[in-house]
Amino acid sequence: MTVVAQQREQLRSVIREAIAAAQASGELTLNDVPEIGLEVPRETDHGDFASNIALVTAKSAKKPPREVAQIIVGHLSEEGFIEKVEIAGPGFINFFLSNEWLYNTLRVIETQGLQYGNSQYGQGEKILLEFVSANPVGPMNVVNARAAAVGDTLARLFRAVGYTVGTEFYVNDAGNQADVFARSLEARYQQLSNPDYPFPDDGYPGDYVAELAAVLQNEQPDLLELPLEERLAFCKRWGTDQMVEMQKADLKNYGVEFDLWFRERDLHAAGALEDVIGYLRERGYLFEAEDALWFKSTAFGDDKDRVIVKSDGSYTYVTADIAYHHDKLKRGYTKLIDIWGPDHHGYIGRMVAAIQALGYAEDTLEVLILQYVALLRDGQQVKMSKRAGEFITMQDLVDEVGKDAARFFFLNRSPESHLDFDLDLAVEQSSENPVFYVQYAHARIASILRQAGEMGVSIPTTGQVDLGLLQHDSEIALLKQLAALPEEILMAAVQREPHRLTRYALDLASLFHSFYAHCHILGERPELRDARLSLVQGVQTVLKKVLFTLGVDAPEQM
RNA sequence: GCGCCUGUAGCUCAGGGGAUAGAGCAUCGGACUUCUAAUCCGAGUGCCGCAGGUUCGAUUCCUGCCAGGCGCGCCA
């Protein structure tokens, strides 16, 4: 249990006893006592913890909230850890506690290190997180970059709260787009020896296809001797493999590594589509109409039924995707989370239907939809056009602003919000740039610890110092923020809201910079100096932990 | 037409059934013989899109409307 949770439980039982005593004395008559809410107020004036119990129970007590609060407070037992109790506003009971629990936070951080903030909340559940899954026919875009940042940090959050997590990138290397890509590549190859060779109307125009063709010619100079069909098959396999390797490298450079790159073609090769069709047929969810085979997804709330096998005998995209999700479930995952772009939201209904048709609960599949990203330069939206070749790829973005800024900016917004990405701000090396602001806090602490070493001051453990010397407002505020980390991590994971963490990091950095301006460390008398060194070390550990979870570097100096 | 997302300070965005709605930027004014001034301190700013409803209490929940973005294929 976390320090905050422990403190909350302790207070809760004191309140519960007070209510019981008040009831016994006849001053309070409640039909039932609800769960006692205790929040950590934003305003320090409102104490360490505040309860709205009097507001909630006022109705059943048939008394005004403030009067209920007065009665409860009157029956609170004397406790050493409670310094002051106030009734405020419409009837809140505010508790001011002694600082001991805050000092204890520092001891816990020291013991747990980078494990601090972790929990066992998700134990027993296996989550499969699928994200990015960009087609292996071209470079990744900025929405892919957003998905990569959000997915990767969610995976780190899930692991932190005890889930078993697998991350996967689904490679659509068997569909129409892969065929178009193969024809494009083949045409570029032909053009190397015959510049007039026609390029397909629907082909991919990017230069990368021609560059790839040159590599291919080097590796396979005799390719044109193969019959057309074999040649295209080779281009498809080899070309998509090349693209996957590029995507892998780009993502690694971005701090994202997947547990598994799942190939659609492997599903086809293993007969998984036929298998899942057979399975759905047995269960009575398929029917034939208009020369095609349909999945009766409307039986599970989808808008319309979906074609599974087209009239020409080929499969649709959804067929392979159903087989893929079936495969995930057969591998023992209890929860599937997919992160998709905004253009796929209409796809949710059919996939959720498919999951149910396969015999799983509706909420087994959860789909997170990201919204679009607009890039701003000089305050103007950067216009992108694939056709005109004006297109900023994920790699362009990372080259321009760096991995840390890119990830932090994407994670700094709630995932379902449209995002304006300010390219000028992202490269700015000042406090205006939030990622620098946070990293600087970490580097500043590293610098203090380095200088302490140079001065011959050894870094103390919490057991060697008098933490009670930490009394300054800025020190108390820092300690409270450190104590809040475990609940922040849990909430960010449970609500799938990684932006809570960037916010937390910014707040912590801000509190540290303020502390730094108000409190000196190395020049102080040894007792105070050591207590502050302990504090600063705790802050550094937590900053490192949060930055790691965001996938952002924690520099020792800047 | 139906569906999803968004609408909060000049700008970019948090928040969320309750206490005086927050942060950064921008604007203005201060602080460096002192551990990194890549920092800190102080000041002003709000029909929380509009209209109803539920509630002791709504910016938050519900309904309708308005505005912006996106989606509704035997494409992926």
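Here is the naming used below: chain letters follow the sequence lines, and residue numbers restart at 1 for every chain. Treat the numbers as computed from the prediction; the structure is a model and nothing was measured.
Under the Watson-Crick or G-U wobble criterion, with both distances below 3.5 Å, B:C13 is paired with B:G22. With a cut-off of 3.5 Å on both Watson-Crick or G-U wobble distances, the partner of B:C61 is given as B:G53. Nucleotide B:G42: paired with B:C28 (Watson-Crick or G-U wobble, both distances less than 3.5 Å). Applying the Watson-Crick and G-U wobble criteria (two distances, each under 3.5 Å), B:C4 pairs with B:G69.
Within the 4.0 angstrom heavy-atom criterion, base atoms lie near A:S447. In this structure, A:A443 reaches the bases: a heavy-atom distance under 4.0 Å links it to at least one base atom across the strands shown. Contact annotation for A:N94: base contact, defined as any heavy-atom pair under 4.0 Å involving a base atom. Within the nucleic acid shown, A:A374 has no heavy atom closer than 4.0 Å to any nucleic acid atom. Using a 4.0 Å heavy-atom criterion, one finds that A:R306 contacts no nucleic acid atom at all. In this structure, A:H344 reaches the bases: a heavy-atom distance under 4.0 Å links it to at least one base atom across the strands shown. Across all strands, A:S414 comes closer than 4.0 Å only to sugar-phosphate atoms, never to a base (heavy-atom distances). Among the protein residues, A:Y317 comes within range of the nucleic acid bases, having at least one heavy atom under 4.0 Å from a base atom. A:I369 comes within 4.0 angstrom of nothing in the nucleic acid, heavy atoms only. When heavy atoms are screened at a 4.0 angstrom cut-off, A:S311 is found touching base atoms of the nucleic acid. Across all strands, A:Q439 comes closer than 4.0 Å to no nucleic acid atom at all (heavy-atom distances).
Relative to the side chain of A:H499, the nucleotides B:A14, B:C72, B:C40 differ in distance, and B:A14 lies closest. Checking B:C74, B:G69, B:C35 against every side-chain atom of A:L522, the shortest atom distance belongs to B:C35. Comparing B:A38, B:G68, B:C74 by their nearest atom to the side chain of A:H418 picks out B:G68. Side-chain proximity of A:K59 to the nucleotides B:U55, B:C74, B:G71 is greatest for B:U55. With B:A19, B:U6, B:C74 as the choices, the nucleotide that has an atom nearest any side-chain atom of A:P41 turns out to be B:A19. Listed candidates were B:G18, B:C74, B:C13. Nearest to the side chain of A:R413 is B:C13. Of the listed nucleotides (B:A76, B:C5, B:C40), B:C5 has the atom at the smallest distance from the side chain of A:E416. Comparing B:C70, B:U6, B:A37 against the side chain of A:H345 picks out B:C70 as the nearest. The A:P90 side chain lies nearest to B:A19 when the options are B:A76, B:A37, B:A19. Distances were taken from every side-chain heavy atom of A:M558 (C-beta onward) to each of B:A37, B:G18, B:A38; the shortest belongs to B:A38.
The residue among A:D303 and A:P415 whose nearest nucleotide of RNA chain B is located toward the 5' end is A:P415. Mapping A:E43 and A:S514 onto RNA chain B by nearest heavy atom places A:E43 closer to the 5' end of the strand.
The nearest whole Å value for the distance from the CD atom in A:E39 to the C1' atom in B:G15 is 12 Å. At whole-Å resolution of the value, CG in A:D291 and P in B:C74 are 14 Å apart. In this structure, the CG atom of A:D202 is 13 Å from the P atom of B:A76, given to the nearest Å. Rounded to whole Å, the distance from CD1 on A:I308 to P on B:A76 is 12 Å. The distance from atom CG of A:D343 to atom P of B:C5 is 16 Å, rounded to the nearest whole Å. Regarding A:Y347, its OH atom lies at a distance of 21 Å from the C1' atom of B:C5, rounded to whole Å. Between the CD atom of A:Q481 and the P atom of B:A23 there is a distance of 14 Å, given to the nearest Å. For the pair A:F512 CZ and B:C41 P, the computed distance is 13 Å after rounding to whole Å.
By the 5.5 angstrom centroid cut-off and the 30-degree plane limit, A:H46 is classified as stacked against the base of B:A19. Here A:F92 lies parallel enough and close enough to stack on the base of B:A19, with planes under 30° and ring centres under 5.5 Å apart.
Residue pairs meeting the ring-ring contact (aromatic ring centres under 6.0 Å, His included) criterion with at least one member in residues 523-543 of chain A: none, sequence neighbours excluded.
Within the model, atoms CH2 of A:W261 and CD of A:Q247 stand 5.5 Å from one another, a figure rounded to the nearest 0.5 Å.
Note that A:R444 lies in the cation-pi zone of A:Y516, set by a 6.0 Å cut-off to the ring centre and a 45° limit from the axis.
The closest side-chain donor-acceptor pair between A:S311 and A:D291, if any, does not fall under 3.5 angstrom. Under 3.5 Å, the side chains of A:D338 and A:H325 contain a donor-acceptor pair of N or O atoms. A donor-acceptor contact closer than 3.5 angstrom is absent between the side chains of A:N172 and A:Q177. A:S297 and A:D302 form a side-chain donor-acceptor contact under 3.5 Å, judged by distance and modelled atom types alone.
Using P as the reference atom, B:G68 and B:C28 are 35 Å apart when rounded to the nearest Å. A distance of about 14 Å separates the C1' atoms of B:C47 and B:A21, rounded to the whole Å. Going from the P atom of B:C25 to that of B:C40 covers 8 Å, rounded to whole Å. Here, B:G69 and B:A76 have their P atoms 28 Å apart, quoted to the whole Å. Atom C1' of B:C35 sits at a distance of 40 Å from the matching atom of B:A19, rounded to the whole Å. Annotation: B:A58 and B:G17 have their P atoms spaced 14 Å apart (nearest Å). Taking the C1' atoms as reference points, B:A26 lies 7 Å from B:C11, given to the whole Å.
Shown here, B:C5 is classed anti by the O4'-C1'-N9-C4 or O4'-C1'-N1-C2 angle, which is more than 90° from 0.
A:E130 and A:K328 are joined by a salt bridge, as a carboxylate oxygen and a charged side-chain nitrogen come within less than 4.0 angstrom of each other. Salt-bridge formation is detected for the pair A:R265/A:D241: a Lys NZ or Arg NE/NH1/NH2 atom is positioned less than 4.0 Å from an Asp or Glu carboxylate oxygen.
Of the candidates A:N52, A:L11, A:I93, A:D48, A:L38 forms a side-chain contact (heavy atoms from CB on, under 4.5 Å) with just one, namely A:L11.
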Identify every side-chain donor-acceptor pair in residues 54-63 of chain A under 3.5 Å, counting partners at least two apart or on other chains, and give the distances.
| residue | atom | partner | partner atom | Å |
| --- | --- | --- | --- | --- |
| A:T57 | OG1 | A:I53 | O | 2.7 |

Atom pairs under 3.5 Å, N or O on each side, protein against nucleotides 27-34 of chain B: can you list them with distances?
| residue | atom | partner | partner atom | Å |
| --- | --- | --- | --- | --- |
| B:U34 | O2 | A:H520 | NE2 | 3.3 |

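Between A:F300 and A:Y285, the ring planes are perpendicular. Angles over 60° get that label, and only those under 30° would be called parallel.
Judged by distance alone with a 3.5 Å cut-off, no donor-acceptor contact links the side chain of A:H513 to the base of B:C40.
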